[in-house]
Amino acid sequence: MTYTPYHPQSLEPALQQRWEAEGRFRAPAYPDGEKFYALAMFPYPSGQLHMGHVRNYSIVDAIARYQRMRGKTVLHPMGWDAFGLPAENAALKNGSAPAAWTFSNIEHMRGQLRRLGLSYDWSREIATCTPDYYRWEQWLFLKLYERGLVYQKLSAVNWDPVDQTVLANEQVVDGRGWRSGALVERREIRQWFLRISAYADELLAGLDSLQGQWPEQVLAMQRNWIGRSEGAEIHFPLADGSGVIKVFSTRPDTLFGATYLAVAPEHPLAEQAAAANAQIAAFLARCKQGAVSEASLETQEKEGVYLGIEVRHPLTGALLPVWAANFVLMGYGEGAVMSVPAHDQRDFEFARKYGLPLRVVIRVDDADPGADELQAAITAPGTLIHSADFDGLPSAVAKVAITEALAAKGLGQKTINYRLRDWGISRQRYWGTPIPMIHCPHCGVVPVPEAELPVVLPTHYQLHDPRSPLRDDPTFLEVACPKCGAAAQRETDTMDTFVESSWYYARFACPDAEQMLDQRAAAWLPVDQYVGGVEHAVLHLLYARFFNRLLRDVGLLPKDGAHDEPFRRLLTQGMVLKDGSKMSKSKGNTVDPQAILDRYGADTARLFILFAAPPEQSLEWSDQAVEGAHRFLQRIWRMVQEYSLPLTPLPVRLGPAARELRRAVHQCIERVSSNMAERQHFNVAIAACMELSNQLGRVEAAPGEDLHAVLGEGLQALLLLLSPFAPHLTEALWERIGDGQALFTHPWPEVDAEALRSDTVSLVIQVNGKLRERLDFSATSSPAELEQAVLTHPDMARHLSGKEVRKVIVVPGRLINIVVA
RNA sequence: GCCGGGAUGGCGGAAUUGGUAGACGCGCCGGACUCAAAAUCCGGUGGUGGUGACACCGUGUCGGUUCGACUCCGACUCUCGGUACCA
């Protein structure tokens, strides 16, 4: 018998070359039989593969390989999310050109992915920073512009007054620019938006169709993000008759409790008031300090200033003051809110701070607290008081009645409001897809004609400062107006990189199409299994759901209801931690996947990372546990090598030991199978394989004929079950004890129900819920027989003597609980 | 601030629907093999008390529902992700 030592460093690359040469994982243009599209969120080419990638791609590869063994035609592609900020940062730091830096990173990382033995169809590789890819994004932008789904409006950005540049939220640290250290200001600039709000209801309703297929928490986050709320638009006429202020409220039942209005600092009325009042102007100037992020706005001290303006209450006609307040967002509704301090906690605190009056108009119990005694706002619904004709109505009824009264006076109506805002896709950056628009002094905004696409991003610049070089390059900037021929300028804003990642999954189906998508996309979509980090739960996954509907509505995907959602099933993986915190260069706690590959090989890396935790949980890195995974693979290697060929067929009759071993084999098949398909807890699947290998390893050196046959069956099953996790080792061993069929398309093992059958069942016996005995019974006993048998069992006498049996609970196959007095 | 997760032995985790808490792995302890070591193999391993059979305690905290709670409900603590320009 020859014994080859386990040497993954040579074994794995050899197999990878063979797979490559055979084109083994190449998917056909159209699926042949049942299709399965497995997809990992494609990486940003930062330069080095990190453990989060290894985890993500090991999960998807295991699923893809499993589905191949289930006979599906699998599409499993990989590409690069190649535009973005880090390339510009690297360029500024090292003087490298963003394009060259990006492509050399891709080169390196592709090599690392190949070394992991992932079953990709590399012929479909995409890099989003190539004109072949982003030209279609520009094309779609023009289509959406025609349809009114693209528009420009003012919106706030973080402005670094020293570097004279716009900062990403990430680049603002404690209210200061990360490079300059200058206090950041909010500045309103004209930017491009996609009208995602037009799809708000559809995006919300679509979540119901994903129930059970997507993690519940992701569905909940998306629902809350869209934030549909029913309420009323209420008009407050300005006292001087110059117009109205419109507010949205979900609580029109509290309208009689409104004691003032608050508008955003950017609201035109606030700016008007500031023009004539230095104190107001100073307040508005102060509001411009700080970052634009919601977290920084929401956590700042609530402040406001009276604008010297009054409005009339739409139903009582009372005069109410108008304030400007830093917590009112211009981008939400009309940039104004009505304040009901007695029934809204934020308004309550604001009113107490500035001595504004409170009016209690809702009673939740019999008490009618005076405004002065309130310790906090009464936010629960209740019965109306001090509300004229509406007194005595419950909140729910009053909402409708008051809204109708407003509508009758032409001062409001029922409205549905969304928290979701339109998607601002303008970036004042270089390394992104150019927005295909031209600014003409005569014609205004003019789209680039379709025939002139793509607008190619020049790649020859040396970056010297954070400002986009496009703005200073006449060869890019200067262009004749397509309409009138006059000298005009190109738009220099580029697109948010979330645009690229919103449709790449569809392009993978037809990466060489001469249009954005062709019929192959409909054939492969939707993605059957999508896997990526939970940090993408809202933004990326919502934008992709939005884009999928845009692609459908411009005619690139069928409107058959089956193609509305891009990702049928979603798995959100947890982070990889070391010493309890996220691996990062700044913390110095990174583990380089390359070092693990060099030392232990890909199979060990993959097995460890799938075994260490269930995929959706965070994973704690452990060098020692990696060692353990490697030891397990070596044990399998040795066991198979030591098995004395040939494999023999199962005899008709098995002895007790062989029967027991065979039951273990099939229990393992059952456990692994259910964890591959439904639960996707690969750590449990691997644990089951380890358990089986322990049992197979305990078989005596010279087993009888029946044991030898079952051992062979068990070893074969073990290789098949482990092959999605450790594809190299199992394929090499399969050549020795396999059945001649190729492992990667070999049918997944089936459970033999006969093997699982057992004559006896071991039950736990509890007395008053506490474990007292474990007793064996015939597997065919009825509950009544079991109850009788337990109560009269000699071992039970000491637990039951002198006590009165009140109740006996029999849970078939599990336990018996005897309740005694 | 708001939205959504998480918390189980020394460590990572298991317990599929309310039914044996701690599978599997790591670590540690003991043993076998060896001149010795490494590797490998075998055994033990939640805590407390007891020579022992065994008993009691134990799933972040406090309370509740139930014959029975890691699991369901209420209140809280700590921690992580997102918060619209990191990807």
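Numbered from 1 within each chain, the chains take letters A, B, ... in sequence-line order. These values consider heavy atoms only, across backbone and side chains, with no hydrogens, waters or symmetry-generated copies.
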- [ ] Pick base, sugar-phosphate or nothing for I809(A), based on heavy-atom distances below 4.0 Å to the nucleic acid.
- [x] base
Quick one: which protein N/O atoms are closer than 3.5 Å to N/O atoms of nucleotides 70-75 of chain B? Pair and distance per line, please.
none

TODO: May I ask you to check whether Y600(A) and F608(A) place their ring centers less than 6.0 Å from one another?
DONE: no
TODO: Report the distance from atom CE of M41(A) to atom P of C86(B), rounded to the nearest whole Å.
DONE: 17 Å
Task: Nearest-angstrom distance from the residue atom CG of L577(A) to C1' of U79(B) - done: 11 Å
Task: Closest contact, heavy atoms only, Q345(A) versus A377(A) - done: OE1-N, 3.0 Å
Task: L541(A) CG to A87(B) C1', straight-line distance once rounded to whole Å - done: 13 Å
Open item on the list: What's H540(A) touching, base or sugar-phosphate or nothing? Going by heavy atoms closer than 4.0 Å.
Closed with: nothing
Protein-nucleotides 1-3 of chain B N/O pairs closer than 3.5 Å?
{"unit_1": "G1(B)", "atom_1": "N2", "unit_2": "E294(A)", "atom_2": "OE1", "d": "3.1"}
{"unit_1": "C3(B)", "atom_1": "O3'", "unit_2": "N224(A)", "atom_2": "ND2", "d": "2.7"}
{"unit_1": "C3(B)", "atom_1": "O2'", "unit_2": "N224(A)", "atom_2": "ND2", "d": "3.0"}

- [ ] Specify the separation, in whole Å, of atom CG of N768(A) and atom P of A69(B).
- [x] 11 Å
Open item on the list: Are Y505(A) and Y530(A) an aromatic pair, judged by ring center distance below 6.0 Å?
Closed with: no
Provide a list of protein-nucleic acid N or O atom pairs under 3.5 angstrom, restricted to nucleotides 53-60 of chain B.
{"unit_1": "C57(B)", "atom_1": "OP2", "unit_2": "K770(A)", "atom_2": "NZ", "d": "3.0"}

Contacts under 3.5 Å, N or O only, protein and nucleotides 22-31 of chain B:
{"unit_1": "A23(B)", "atom_1": "O2'", "unit_2": "E691(A)", "atom_2": "OE1", "d": "3.4"}
{"unit_1": "A23(B)", "atom_1": "O2'", "unit_2": "E691(A)", "atom_2": "OE2", "d": "3.3"}
{"unit_1": "G25(B)", "atom_1": "OP1", "unit_2": "N694(A)", "atom_2": "ND2", "d": "3.1"}
{"unit_1": "C26(B)", "atom_1": "OP1", "unit_2": "R631(A)", "atom_2": "NE", "d": "3.3"}
{"unit_1": "C26(B)", "atom_1": "OP1", "unit_2": "R631(A)", "atom_2": "NH2", "d": "2.8"}
{"unit_1": "G27(B)", "atom_1": "OP2", "unit_2": "R631(A)", "atom_2": "NH2", "d": "3.2"}

- [ ] Could you check whether V808(A) gets within reach of a base, just the sugar-phosphate, or nothing at all, counting any heavy atom under 4.0 Å?
- [x] nothing
Task: Within 6.0 Å of CG in D776(A), more than 12 heavy atoms from elsewhere - done: yes
Open item on the list: Should the side chain of N169(A) and the base of C85(B) be counted as holding a donor-acceptor pair, with the cut-off at 3.5 Å?
Closed with: no
- [ ] Classify the angle between the aromatic ring planes of H53(A) and Y57(A) as parallel (below 30°), tilted (30 to 60°) or perpendicular (above 60°).
- [x] parallel
Open item on the list: V790(A) vs V810(A), test: side chain to side chain contact (heavy atoms under 4.5 Å, CB included). Steps then yes/no.
Closed with: CA-CA 10 Å; V790(A) 171; V810(A) 179; over 6 Å; no
- [ ] Using a heavy-atom cut-off of under 4.0 Å over every strand shown, decide if P614(A) touches base, sugar-phosphate, or nothing.
- [x] sugar-phosphate
TODO: Check the distance between U16(B)'s P and M676(A)'s CE and give it to me in whole angstrom.
DONE: 20 Å
Open item on the list: Only Watson-Crick and G-U wobble pairs with both distances less than 3.5 Å should count. Give RNA chain B in dot-bracket notation, marking inter-strand partners with |.
Closed with: (((((((..(((......[....)))((((((.......))))))((((....))))..(((((..]....))))))))))))....
Open item on the list: Classify Q300(A) by what it touches in the nucleic acid, base, sugar-phosphate, or nothing, heavy-atom distance under 4.0 Å.
Closed with: nothing
Open item on the list: If you count heavy atoms of other groups shown closer than 6.0 angstrom to CZ of R223(A), is the number above 12?
Closed with: yes
Task: Qualifying residues under salt bridge (Lys or Arg N to Asp or Glu O under 4.0 Å), relative to E294(A), sequence neighbours excluded - done: R419(A)
Open item on the list: Is the phosphate of U16(B) approached by R679(A) (side-chain N or O, under 4.0 Å from OP1 or OP2)?
Closed with: no
- [ ] Could you measure between the two C1' atoms, the one in C76(B) and the one in A23(B), and give it in whole Å?
- [x] 32 Å
Open item on the list: Rounding to an integer number of Å, can you tell me how far E616(A) CD sits from U16(B) P?
Closed with: 14 Å
Open item on the list: Reading RNA chain B from 5' onward, which residue's closest nucleotide shows up sooner: R419(A) or S674(A)?
Closed with: S674(A)
TODO: Pick the C1' atom in C11(B) and in U61(B), then give their distance to the nearest Å.
DONE: 23 Å
